[in-house]
Amino acid sequence: MIEVSHIYKRFNKDYLFEDFSLIFKENQVTSLIGPSGCGKTTLLRMMAGLESYESGSISGIDQSKVSFVFQEDRLLPWLSVYQNIALVLKAKCTPAEVGEKVSAVLALLDLSAASDMMPFELSGGMQRRVAIGRALAYDGSVIFLDEPFKGMDDKLKGEVLEELATAWNKTGKTVILVTHDLVDARRLSDTIYELGGRPLAQIGVLD
Amino acid sequence: MKPFITAEPSKTKSALILIFWLLIWQIVYLAVAKDVIIPSPANTFSALGQLLLTQAFYRDVAATMSRVLAGIVISFGAGLLTAIGAYLIFLVRDIMGFMINILKSTPVMAVIIFALLWLPSGNVPIFVCFLMCYPIVYTNVLAGLDSLSRDYIEMSRIYRIRRRDLIESIYLPFVAPHIKSALSLTTGLSWKTVVAAEVLSSPAFSMGYNLLNAKVYLDTESLFAWIIAIVALSMAFEKIVNLLLGIRRGGPAK
């Protein structure tokens, strides 16, 4: 269980989080939905250890074992699709294992044919899938996804959603997804938290 | 709209441009009609030919070139280290920024005269070259490091990318074009500063010392011959460096 407990965090002078608490079940997909700018991404970043907070605690996450799909793809433009994914595996896998894992993820996301392509040669949707593939290949115990379907058309989104649903079922990871789209959240999640207000508060839950 | 990048002239065009300027030189020579002020192109190239037949010429060229290389290597070593320090530590950035601004505004001659007071004459050109090239290297490398997006650093933190891979796959690709650009800029400057410093510090074996000698003895043909040799070597050096770096004339650093 991941527990976000009594978090206080300021944004400029005001509190964005004031005594904010939330619990995430392990091996489930939990979605956070809410209006833009309400603090969903900040919550994700705090949980991943990318952002500090004034007080409170976040427990149940080993921040050295998390994967993160950022809002931007953050692919290195001078590395191929294969190299972008392999880069995050080099520290913990042998070269043979790197090859196996990258190939498996590329196959899962239907990107095998694009293995040697450079990011600029890919469509926006394909780049997004590579970023998702990188997170899956890293095999973190918790996977954070920040608006992973941003910029995708409905057809592509449907395909990627399908692929992700399959991937989660296979791996049984703890996944925390930030989205503003309730339909996407419903298709993927076991639990949906609706967040809003300032300071941020949980204003609803959908199981 | 005119293209921003100028195309490299063809060999024929280059030859015609060279002939045009030689003709201008010949016309000026005929108009002035005083060998001691301006020698003829023919006499100058004859003096250059004689120079090329002497062993001393190659010894002096080697000495000057070794100073140029030493100046560049020291500038890059110091520039890289201090730029990395400035990137990592704000205090270093502030301290270095102040010094770099002073160095950028300091006239070369002031540096040479200052260096003459406390360095052996052979080392003055190296020191002067370093002081003139170092700010360029520092500024370029720091600009390269600063251009690295925080997004990639965050991504590398999340995925625990090894330090070696971080340097190889993230930092170097960002900084490499800036290092190339610094090297391209410093190659020409290094020759100018080294020769200027050699003229004033007069080390025994140097191209600058030969320039000074030719001037003292009013041997204008030799003076021009040495100038041509210096310019040709500087241009060849720059061309070789750019060739190695894959930079085309008029094109951006890749």
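All of these numbers come straight from a predicted model, not from anything done at the bench. Quick note on labels: first sequence line is chain A, next is B, and so on, each numbered from 1.
Residues from residues 136-172 of chain B that place a non-hydrogen atom less than 4.5 Å from a non-hydrogen atom of chain A comprise B:D151, B:Y152, B:E154, B:M155, B:R157, B:I158, B:Y159, B:R160, B:I161, B:R162, B:D165, B:S169, B:I170, given in numerical order.
Heavy-atom pairs under 4.5 Å with chain B peak, among A:K92, A:Q83, A:K90, at A:K90.
Interface residue A:Y138: only side-chain heavy atoms are found under 4.5 Å from chain B. Interface remark: A:L89 contributes no atoms to any contact with chain B (heavy atom separation under 4.5 Å). Interface remark: A:L79 contributes side-chain atoms only to the contact with chain B (heavy atom separation under 4.5 Å).
Taking a 6.0 Å sphere around NZ of B:K192, one finds it holds 12 or fewer heavy atoms contributed by other residues, nucleotides or ligands. In the displayed structure, B:M99 atom CE is contacted under 6.0 Å by more than 12 heavy atoms of other residues, nucleotides or ligands. Around the CZ atom of B:F114, the shell of radius 6.0 Å holds no more than 12 heavy atoms that belong to other residues, nucleotides or ligands. By the 6.0 Å contact criterion, OH on B:Y58 is enclosed, its count of non-hydrogen atoms from other residues, nucleotides or ligands being greater than 12.
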